[in-house]
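Here is the structure we will look at, set down as structure tokens.
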Amino acid sequence: MLEKKCRARLRLECQRGAGRALAQPDWYRKIGDLGPDNIAPAQDQCGIGEAPARDCSSGQHTGIGSDRSTAPPAGINRLGRVGYATLCALRSLSHGDSERFAKSWNMPVLRGRQGPRVEALLAWYDVHRRVLPWRAQAGMRADPYHVWLSEIMLQQTTVQAVDRYYRTFLSRWPTVEQLAAASLDDVLAAWAGLGYYARARNLHRTAKIVAGQMAGRFPETAAGLRALPGIGPYTAGAIAAIAFDEPQAAVDANAERVIARLFYVKTPLPAAKAELRARTQALVPQRRAGDFAQAVMDLGALICTPKAPQCPRCPWQEACIGRVRGLVETLPRKAPKPDRPLKRGVAFVVVDAKGAVLLQRRAEKGLLGGMMQPPLGPWGADFPAEYDAMTQAPFAATWIKRPGLVRHQFTHFELEIEVYVAKLTRRPRIQGRWVQAHALAEAALPTVMRKILVHGLGTTTFAPA
DNA sequence: AAAACGGGGCC
DNA sequence: GGCCCAGTTTT
């Protein structure tokens with residue numbers, strides 16, 4: 001019934017299609033006046049690993065393509081290659097119809113297989129892979145130390161942001177033994193500005209473990225890697241696959257997006273993580289597992305982007321159910337994030353007669369753990385709009401308030417800091433380190449603390465690390 | 001299961 | 001201003 005109507009519409013579109021340039025979702029919806037949910041569930045056509053599309057009709061055919069024109073409708077060209085698999089995925093056509101449809105316009109007729117072809121992705125990767133400083137040459141395995149260092153830095157961090165830090169670290173500590181021999185403070189200072197400072201502390205801990213207890217060799221399995229500080233399920237899989245070619249999935253945000261679209265996974269993140277991981281793992285080839293992991297990431301970074309993905313260039317376009325339904329850009333769905341409260345506090349920039357600045361070390365655990373800061377009152381959401389900042393001062397002095405505020409956004413709250421400055425002729429007895437202005441660039445100062453110092457000193461002579 | 005944990009780029 | 005990013009650890 002619906003199906004008959006559907007075919008009729010398709011034929012109609014085929015006949016008049018040459019003059020139209022329909023966008024992908026419109027075209028498909030038009031075929032049968034079908035909303036996305038009137039098309040069969042993705043699991044039916046694209047189960048993990050196999051499951052060819054069901055023959056959706058055994059009735060007589062309507063002769064699609066018998067009245068073909070020489071070129072497919074413009075709207076179809078815009079989809080890239082539309083083949084048998086895609087048409088069957090709609091399930092509004094019988095095998096016979098869709099195959100004739102494909103042949104009539106010299107489209108590829110793909111028999112039997114509905115799922116994504118790993119070989120197609122790897123072939124795409126061989127041509128389009130990104131050149132990144134931590135990657136080995138094509139066909140080579142990367143150094144496990146390089147892979148590990150880059151993967152820790154890349155946690156929740158963009159490739160662009162990591163690039164400079166990775167080069168600095170590798171240049172300064174070329175081996176895991178040398179990193180292990182470094183002081184934690186030096187590592188934190190080199191990490192300053194990259195964020196998530198627990199990563200730097202775990203990096204140092206793991207370097208010491210690998211250098212001290214494992215003869216400088218990283219575990220070669222995901223299970224072994226998982227036991228090291230700072231290595232979770234993603235990073236364990238990524239290192240095992242990329243450095244050792246163990247058939248492990250590396251499910252990062254790129255993979256989650258690609259797989260959610262490919263299999264039309266509607267469950268919002270993070271609830272969908274288990275399913276996405278299982279679907280990804282089911283695709284991992286026995287050979288070239290590392291290339292597969294990186295290929296999925298490159299696909300997510302270059303083609304299957306969060307916004308405006310370039311589906312016609314995608315090696316998996318035929319199999320992608322999200323694309324068939326015209327809902328690629330709506331995936332993956334994500335649970336709403338709670339809004340961030342505003343917190344306030346006061347900072348005190350102290351300068352001695354020689355221009356040195358007083359810095360104190362934050363607690364090892366918690367926010368910005370182990371990093372340096374000027375004396376800083378507690379910050380909280382409950383600070384009244386008017387309060388006496390002087391009650392927060394570390395010692396009595398002539399505190400001059402700087403005009404304006406320092407604002408900073410953290411993941412889970414927003415911060416407004418008032419800044420007071422005191423220039424002293426004599427250093428008070430107080431815990432902390434006096435750092436010359438020219439040495440601030442090398443200090444373990446997170447970005448928000450650099451903002452405070454710039455605001456307080458009225459100078460930017462020290463650049464963020 | 002949910003919260004904590006940074007920062008910068010891009011639209 | 002909102003969204004996103006080669007996630008992990010703690011509660």
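Letters A, B, ... mirror the listed sequences (proteins, then strands); counts begin at 1.
Going from the P atom of B:dG8 to that of C:dT9 covers 24 Å, rounded to whole Å. Taking atom C1' in both C:dA6 and B:dA3, one finds a spacing of 23 Å when rounded to whole Å.
Here A:Gln360 pairs with nothing under the side-chain hydrogen bond (donor to acceptor under 3.5 Å, both in side chains) rule; sequence neighbours left out.
Interatomic distance, A:Met390 CE to A:Lys401 NZ, rounded to the nearest 0.5 Å: 9.5 Å.
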Taking only distance into account, with no hydrogens and no angle test, what donor-acceptor pairs under 3.5 Å do side-chain atoms of residues 411-424 of chain A form with protein atoms, sequence neighbours excluded?
{"unit_1": "A:Glu414", "atom_1": "OE2", "unit_2": "A:Arg407", "atom_2": "NH2", "d": "2.5"}
{"unit_1": "A:Glu416", "atom_1": "OE2", "unit_2": "A:Arg407", "atom_2": "NH1", "d": "2.3"}

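The residue A:Gly366 sits close only to the backbone: its heavy atoms come under 4.0 Å of sugar-phosphate atoms, none of a base.
You'll find the ring centres of A:Trp191 and A:Tyr165 outside the 6.0 Å limit.
Screening residues 188-212 of chain A for salt bridge (charged side-chain N to carboxylate O under 4.0 Å, His left out) gives no qualifying pairs among residues at least two apart or on separate chains.
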Between the protein and nucleotides 1-3 of chain B, are there any N/O to N/O pairs under 3.5 Å, and if so, what are the atom names and distances?
none

Report summary line: Scoring nucleotides 5-11 of chain C by protein non-hydrogen atoms under 4.0 Å (B base, S sugar-phosphate only, - none) yields BBBSS--
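Applying a 4.0 Å cut-off to non-hydrogen atoms, none of the residues of residues 407-419 of chain A approaches DNA chain C.
We find that A:Asp245 and A:Arg141 are joined by a salt bridge, their nearest charged nitrogen and carboxylate oxygen being less than 4.0 Å apart.
Below 30°, between 30° and 60°, or above 60°: for A:His146 and A:Tyr166 the angle between ring planes is above 60°, a perpendicular geometry.
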